[in-house]
Amino acid sequence: MTLWIWRNVRLELPADWEMLQFSRNVQEGRCAFADRYQFRLELSWRATAGRPDFARMISDYVARLKEQGAANARRLRHGPWHGLQGDLDGQRTSRFGRYLPAESCLVELVFLWPERRDVGLEQKVLSSVAVEPEHLGRFRRWSAFGMDFLTSKDLQLQACTVEPASVEMTFGDAKRGAVERFARRGMVPEWMNQTTAEWLRGWVDGGVRVTGVDAADARGHRVDRLDGEKRVPGVLRRSLRCDAAAWICPRDGRLYSTSLASPAKEADTGPAPAGARLSCCSGLELPI
Amino acid sequence: MTRAGQHLAGDGSWRRMLTARPVRNEAARLGQSGEGNVTVRVTKQRPWYLLPPLSWIVPFRRERAAALDRVGSRVWRLCDGERTVEGVIDEFASSYHLTFHEARVAVTGYLKELIQRGVLAISIPEDDTT
């Protein structure tokens, strides 16, 4: 099973289920996971003021499914999860809902079963769903697309670009100017024609004035680091402090990189500088 | 409950695409560059409308060449007429340490390009579920 953490919701899924669709919206959104042949699971969330009336919701849903001609519609229950199953258009689905008070949101999981319903797997996945706690007093953890990382808790996911062998997630707070980027790139020998340190210099924001570079060995990983600062245009003459790191993980051969930019006045990386915010493997774990 | 799951219903499977078999254009001629990259040349048919005086202005090239980069050349070599799309993806994923879907997106992108250039065709198996 592989851990996924998205929007503070953690769940464990079979290792060959990959996220093919996602939403950045905190209030309402969905992620869809697929095995090699078809979609298998949808995770959706919706912020709500309070706990919904599940009994009524399920009744309404069962009635609607029957109206649509669904066969075998029946209620299900697993711990705090309220659910139902039904066969519609030859596709067996089971769906479960649960309210997460710590996040004030309703979470739903919809499983698609190409063959028979695997109750054991279903229960394993449902039992793994939980709210991911805050870490070190100021970080949120995300685990997706082969990256496991910590972002400052007040930043929002602004962009997520997923391409073959390349993923980059950007978190930010436009008001303060803070930006945190986390990236993972594969097929490195096919395109990398410079050193990791040179690549890192090109990857960080072009407007950054480099104030220091170094490299250190961290449990078999050679981590190149870069410090710098950037002037923010405007009359306030604000500046951002930048801290970035990049390395190639010897286990999977991928290039991992992270770049943190925060207002110089607030800058205090504390226990988690750039190189410690992103984990590639058990050799370079997060400080949590 | 919301209508969660509706997005996935119906179009949720690409199994049929994976069982298709990429087949090389038998008329294609292969060239190889120094770096081992492949150039595939196919002969084109002269369009019926390309007659003088139009052909005096619009030159007709008898051959179309597709120069493939290193990764494209690898995909081309994997398309041996025996492997299915799934087999090509598996080999590609294993060669470049990618996940199945990372490889799927990359491989299908290359296949699409090769098909558009006329150097590959796709053989889709007859639906045996009927």
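So you know, we letter chains A, B, ... as the sequences are listed, proteins then strands, and number each from 1. Hydrogens, waters and symmetry mates play no part in the numbers below; they use all other heavy atoms, side chains included.
Contacts between R254(A) and chain B at a heavy-atom distance below 4.5 Å involve the side chain alone, from C-beta outward. Looking at P189(A), the atoms closer than 4.5 Å to chain B (heavy atoms on both sides) all sit in the backbone: N, CA, C or O. Using a 4.5 Å cut-off between heavy atoms, R15(B) contacts chain A through both its backbone and its side chain.
Put simply, of G186(A), A165(A), G146(A), P114(A), the one with the most heavy-atom pairs under 4.5 Å next to chain B is A165(A). When each of V188(A), L109(A), D35(A) is scored by its heavy-atom pairs under 4.5 Å with chain B, the top score falls to D35(A). Highest contact tally toward chain B, considering only T93(A), D60(A), L20(A), D252(A), is held by L20(A) [criterion: heavy-atom pairs under 4.5 Å]. For the set R104(B), R70(B), H101(B), the entry with the most heavy-atom pairs within less than 4.5 Å of chain A is H101(B).
With sequence neighbours excluded, no residue forms a salt bridge (Lys or Arg N to Asp or Glu O under 4.0 Å) with R41(B). In this view, R75(A) and S59(A) satisfy the side-chain hydrogen bond (donor to acceptor under 3.5 Å, both in side chains) rule, not counting sequence neighbours. Remark: E122(A) engages S94(A), R117(A) in a side-chain hydrogen bond (donor to acceptor under 3.5 Å, both in side chains) (not counting sequence neighbours).
A distance-only check finds no donor-acceptor pair linking the side chain of W247(A) to the backbone of A218(A) [under 3.5 Å].
Salt bridge annotation for D118(A)-R116(A): absent, with no cationic side-chain nitrogen under 4.0 angstrom from a carboxylate oxygen. By the 4.0 Å N-to-carboxylate-O rule, E103(A) lies close enough to R7(A) to be salt-bridged with it. Salt bridge absent: E108(A) and R95(A) never bring a charged side-chain N and a carboxylate O closer than 4.0 Å. Under the 4.0 Å criterion applied to side-chain N and carboxylate O atoms, D148(A) and R141(A) are assigned as salt-bridge partners. Classification of E285(A) and R219(A) as a salt-bridged pair fails, no side-chain N sitting under 4.0 Å from a carboxylate O.
Residues of residues 92-100 of chain B placed with any heavy atom under 4.5 Å of a heavy atom in chain A are listed by number as F92(B), Y96(B), H97(B), L98(B), T99(B), F100(B).
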